[in-house]
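Read the structure below first, then the notes.
Residue numbering restarts at 1 for every chain, and letters A, B, ... go by the order of the sequence lines.
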2 protein chains.
Amino acid sequence: MPSSLLSLLGDLVSVNQRLTRLAARATGSSESPAVWRTLSVLNSGGPMRLGELAELSRVAQPTATKLVSNLTERGWVNRLADPDDARASQIAVTTAGAAALIAWRDELAGAMLPLFADLDTDDVAVLRRAVEIIGQRADAAADLAPGAPVTAPPEGQS
Amino acid sequence: MPSSLLSLLGDLVSVNQRLTRLAARATGSSESPAVWRTLSVLNSGGPMRLGELAELSRVAQPTATKLVSNLTERGWVNRLADPDDARASQIAVTTAGAAALIAWRDELAGAMLPLFADLDTDDVAVLRRAVEIIGQRADAAADLAPGAPVTAPPEGQS
DNA sequence: CCACTATACATAGCCGGGCTATGTATATGA
DNA sequence: TCATATACATAGCCCGGCTATGTATAGTGG
């Protein structure tokens, strides 16, 4: 039944997009997803260089530069000189940044909670497992295409 | 444990964002998510007026105007005069638009298929159920806040 | 029929996020 | 030392998102 798996994946992405937009509205947060994504990556990965951040965030390097600039102005990340390489600097989340991230996640989940409050134990388990499954695949995909953020139209696969 | 439900929702959104971005990369499609979202709404809802499209897409009206303009130029939607109301027009997906949407969904799912090909029957069932659950909630949310796309800070009573 | 308000959409204008192309400074290796 | 590679910054473009506002048509009271 691979064809049903195909349509399942299509549905998954589409319902995902709805949920993402819904969640964004739910908070009323004026911050863009990119802000939270960047903070997320930095928060879970620890201080890292800009290139690494770009790769993990799966955006092009100049985009990461812009985002880090914005976040630096807000005081949510800072740049520490890298003693080993004067070209680079370590990007790190500040305490304020981490706090903002936590606050946003709480707010987001809190806003969505009413919609999901009626889930029974089985459904909660289903969602938990789904998150796990998708997370694994996202990790795997990151490993498979580490150097190809978006830029690459490599082709060549038959 | 409602607190674990909270963190589950946070994780759900976060893994969602990863998946969405991953999926976008997977196709190599240069089209933006907004294009597919708009076509999706029109395709599943049938021809509708611009305001209705904006509401269902959960964007502000001028955003919908822009998107429809772009899509019209590409020949993926067209505007038909509304005989009952000269201010409005019915927006409809063209055959080409519907075909492009299907092609994209196939491409998307096809690109993601390798990542999910090793799922066993139980995991497929889990994902299917998760899609169903989230879809229900998204529908419910749409019903709850039908007139509030993003614009409304509840001021401005006359 | 006329004026007035309400509605549906278009236009203008701003901002942020995404990209490519290219510049600049530092590392690195022959 | 010099050439090349690497890490990031800058410039410049486009699109999607918004608010504010304009314009044309609907609807309605007189």
Side-chain angles (χ1 to χ4, degrees), chain A residues 17 20-22 24-25 27-39 41 48-74 76-77 79-91 147-153, chain B residues 17 20-21 24-25 28-39 41 48-74 76-77 79-91 147-153 155-158:
Chain A
Q17 292 171 339
T20 297
R21 186 149 186 95
L22 179 67
R25 282 194 67 253
T27 66
S29 162
S30 54
E31 305 298 340
S32 64
V35 164
W36 306 119
R37 183 192 60 215
T38 306
L39 286 180
V41 168
M48 63 186 70
R49 299 159 67 129
L50 193 137
E52 191 180 357
L53 172 61
E55 188 172 312
L56 289 179
S57 303
R58 313 200 76 83
V59 300
Q61 168 258 311
T63 301
T65 298
K66 269 193 195 175
L67 293 171
V68 167
S69 296
N70 292 347
L71 290 173
T72 302
E73 285 173 10
R74 292 168 201 235
W76 285 353
V77 308
R79 323 182 61 139
L80 310 169
D82 184 326
D84 296 339
D85 189 337
R87 296 170 303 177
S89 45
Q90 297 289 116
I91 320 286
V150 168
T151 310
Chain B
Q17 292 170 338
T20 297
R21 187 147 186 96
R25 282 194 66 253
S29 163
S30 55
E31 306 299 340
S32 63
V35 165
W36 305 120
R37 184 192 58 215
T38 306
L39 285 179
V41 168
M48 64 185 69
R49 303 160 64 130
L50 193 137
E52 191 180 356
L53 172 61
E55 188 173 313
L56 289 179
S57 303
R58 311 199 78 82
V59 301
Q61 168 258 313
T63 302
T65 299
K66 270 193 196 176
L67 291 171
V68 168
S69 296
N70 293 346
L71 289 173
T72 303
E73 285 174 12
R74 290 166 201 238
W76 284 353
V77 308
R79 323 183 62 140
L80 309 170
D82 184 327
D84 296 337
D85 189 337
R87 296 169 302 177
S89 45
Q90 297 288 115
I91 320 286
V150 170
T151 309
E155 306 298 329
Q157 279 290 60
S158 68

**Request:** Let me know which of B:Arg79, B:Gln90, B:Arg87 forms a side-chain contact (heavy atoms from CB on, under 4.5 Å) with B:Leu50.
**Result:** B:Arg79

**Asked** Rounding to a whole Å, what distance do you find between B:Trp36:CH2 and D:dC15:C1'?
**Response** 15 Å

**Asked** For D:dG16, does OP1 or OP2 lie under 4.0 Å from any side-chain N or O of B:Ser32?
**Response** yes

**Complete:** By side-chain hydrogen bond (donor to acceptor under 3.5 Å, both in side chains), A:Asp82 pairs with (sequence neighbours left out) none

**Item:** B:Arg74 bridged to B:Glu31 by N-O distance under 4.0 Å
**Value:** yes

**Message:** Checking side-chain polar atoms at under 3.5 Å, does B:Gln61 have a donor or acceptor matched by the opposite partner on B:Thr65?
**Reply:** yes

**Request:** Look at the side-chain N and O atoms of B:Arg74 and state whether any lies under 4.0 Å from the OP1 or OP2 oxygen of D:dC15.
**Result:** no

**Fill in**
Heavy atoms of A:Leu67 and A:Ala34 approach each other most closely as CD2-CB, 3.8 Å

**Axis-to-axis angle between the two ends of the helix from C:dC1-D:dG30 to C:dA30-D:dT1 (five base pairs per end, rounded to 10 degrees)** = 10°

**Whether B:Thr72 side chain and B:Val68 backbone form a donor-acceptor pair below 3.5 Å** = yes

**Prompt:** What pair of heavy atoms forms the shortest contact from B:Ser57 to B:Val41, and how long is it?
**Reply:** OG-CG2, 3.8 Å

**Request:** Could you check if a side-chain atom of A:Ile91 sits within less than 4.5 angstrom of a side-chain atom of A:Glu52, using non-hydrogen atoms only?
**Result:** no

**Request:** Take the protein atom CD of B:Glu52 and the nucleotide atom P of C:dT7, then report the distance between them rounded to whole Å.
**Result:** 17 Å

**Asked** Using a cut-off of 4.0 Å on non-hydrogen atoms, how would the nucleic acid contact of A:Pro62 be classed: base, sugar-phosphate, or nothing?
**Response** base

**Complete:** When rounded to whole Å, the CD to P distance for the pair A:Gln61 and C:dC19 reads 11 Å

**Asked** Is any side-chain nitrogen or oxygen of B:Asn70 closer than 4.0 Å to OP1 or OP2 of D:dC14?
**Response** no

**Request:** Quickly work out the A:Leu39 CG to C:dG17 C1' distance and round it to whole Å.
**Result:** 15 Å

**Message:** Measuring to OP1 and OP2 of D:dC15, would you say a side-chain N or O of B:Arg37 lies under 4.0 angstrom away?
**Reply:** no

**Request:** Find the distance A:Asp84:CG to D:dC8:P and express it as a whole number of Å.
**Result:** 13 Å

Close N/O contacts between protein and nucleotides 3-7 of chain D (under 3.5 Å):
| from | atom 1 | to | atom 2 | distance (Å) |
| --- | --- | --- | --- | --- |
| D:dT6 | O2 | A:Arg87 | NH1 | 2.3 |

**Request:** Give the intermediate values and the outcome of side chain to side chain contact (heavy atoms under 4.5 Å, CB included) for residues B:Val35 and B:Trp76.
**Result:** CA-CA 10 Å; B:Val35 165; B:Trp76 284 353; 3.8 Å; yes

**Prompt:** 5'-most contact on DNA chain C: B:Ser69 or A:Leu67, nearest heavy atom basis?
**Reply:** B:Ser69

**Prompt:** Rounded to the Å, how far apart are B:Leu53 CG and D:dG16 P?
**Reply:** 13 Å

**Item:** Rounded interatomic separation in angstrom, taking NZ from A:Lys66 and P from D:dG12
**Value:** 12 Å

**Message:** Side-chain N or O of A:Thr65 versus OP1/OP2 of D:dA9: is the shortest distance under 4.0 Å?
**Reply:** yes

